[in-house]
Amino acid sequence: QVQLVESGGGLVQAGGSLRLSCAASGRTFSRYAMGWFRQAPGKEREFVAAISWNGGSILYADSVKGRFTISRDNAKNTVYLQMNSLKPDDTAVYYCAQAMQRYGSRFAREYNVWGQGTQVTVSS
């Protein structure tokens, strides 16, 4: 069973940057798309970004486009989320997830493996 472990969250001032990492166990990482989602207190989980199995296709939520960059290193079984120009509205628990297909999706139901999440807090 694949396990995902996120890291890199923390407290940052508005305008700052953070880089999240998600390390996957197992040998299937390179076969599937990966995604990042987030959930703020009192809100539903929302899509942030997704990347296809080979990195050739990428999706972003409109709210993060131009500020966040998703990438992956299949040799290291790791997916990243570089977050720049952070805003207080970006405060949430960030989750990485493995999709059930090669190409990413905006829909959480198309992901079947989830990490435990990492907290990102952006102060104003």
Side-chain angles (χ1 to χ4, degrees):
Q1 179 70 17
V2 174
Q3 291 187 324
L4 304 176
V5 179
E6 302 97 334
S7 61
L11 173 64
V12 63
Q13 289 188 334
S17 298
L18 283 175
R19 188 193 196 201
L20 304 184
S21 299
C22 172
S25 64
R27 299 184 177 184
T28 63
F29 178 81
S30 62
R31 301 178 190 174
Y32 300 107
M34 296 294 296
W36 286 96
F37 290 76
R38 67 186 181 186
Q39 187 166 19
K43 295 186 177 181
E44 294 187 354
R45 190 170 298 190
E46 65 172 357
F47 169 76
V48 176
I51 187 167
S52 64
W53 65 285
N54 63 352
S57 177
I58 289 175
L59 299 172
Y60 291 106
D62 288 344
S63 59
V64 307
K65 198 172 295 182
R67 300 188 298 122
F68 291 11
T69 302
I70 189 172
S71 61
R72 67 188 297 162
D73 185 338
N74 285 345
K76 296 183 178 180
N77 276 17
T78 303
V79 61
Y80 306 97
L81 186 68
Q82 177 66 43
M83 306 186 294
N84 299 329
S85 302
L86 283 161
K87 306 174 182 179
D89 283 349
D90 294 319
T91 295
V93 177
Y94 283 70
Y95 300 89
C96 70
Q98 184 180 68
M100 293 183 278
Q101 61 275 334
R102 286 178 174 261
Y103 292 91
S105 167
R106 302 175 184 272
F107 302 103
R109 64 178 179 266
E110 298 190 13
Y111 296 79
N112 63 339
V113 183
W114 293 81
Q116 82 290 348
T118 186
Q119 176 71 48
V120 172
T121 303
V122 184
S123 63
S124 56

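Note: hydrogens, waters and symmetry copies are ignored here, and every other heavy atom, side chains too, is used.
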Glu46 atom CD, over 12 foreign heavy atoms within 6.0 Å =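 Yes - once you tally the heavy atoms of other residues, nucleotides and ligands closer than 6.0 Å, there are more than 12.
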
Within one Ile-Leu-Val-Met-Phe-Trp-Tyr cluster: [X] and [Y], side-chain cutoff 4.5 Å:
X: Phe47; Y: Tyr32; value: no
X: Leu20; Y: Val113; value: yes
X: Trp36; Y: Tyr95; value: no
X: Val12; Y: Phe68; value: yes

Please check this pair: side chain of [X] against backbone of [Y], looking for a donor-acceptor N/O pair closer than 3.5 Å.
X: Thr118; Y: Ser7; result: no
X: Glu6; Y: Gly117; result: yes
X: Ser85; Y: Arg67; result: no
X: Arg106; Y: Tyr60; result: yes
X: Tyr111; Y: Ala33; result: no

Taking all non-hydrogen atoms of both residues into account, name the closest pair between [X] and [Y] and its distance.
X: Asn112; Y: Met100; result: CG-CG, 3.4 Å
X: Cys22; Y: Leu4; result: SG-CB, 3.8 Å
X: Gln82; Y: Asn84; result: NE2-OD1, 2.9 Å
X: Met34; Y: Val79; result: CE-CG1, 4.0 Å
X: Ala14; Y: Ser124; result: CB-CA, 4.4 Å

query = Any cation-pi pair here, Arg72 with Phe29, using under 6.0 Å and within 45°?
reply =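 Checked: cation-pi criterion met.
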
Is any side-chain heavy atom of [X] less than 4.5 Å from a side-chain heavy atom of [Y]?
X: Val64; Y: Arg38; result: yes
X: Met83; Y: Asp90; result: no
X: Arg31; Y: Trp53; result: no

query = Say you draw a straight line from CG of Leu86 to OG of Ser17; how long is it, rounded to the nearest 0.5 Å?
reply =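 Reported to 0.5 Å precision, the distance equals 6.0 Å.
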
message = Return the CD to CD distance between Gln39 and Gln119, rounded to the nearest 0.5 Å.
response =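 Interatomic distance, Gln39 CD to Gln119 CD, rounded to 0.5 Å: 11.0 Å.
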
query = Under a 4.0 Å N-O cut-off, is there an ion pair linking Lys65 with Asp62?
reply =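 Between Asp62 and Lys65 there is a salt bridge, with a charged N closer than 4.0 Å to a carboxylate O.
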
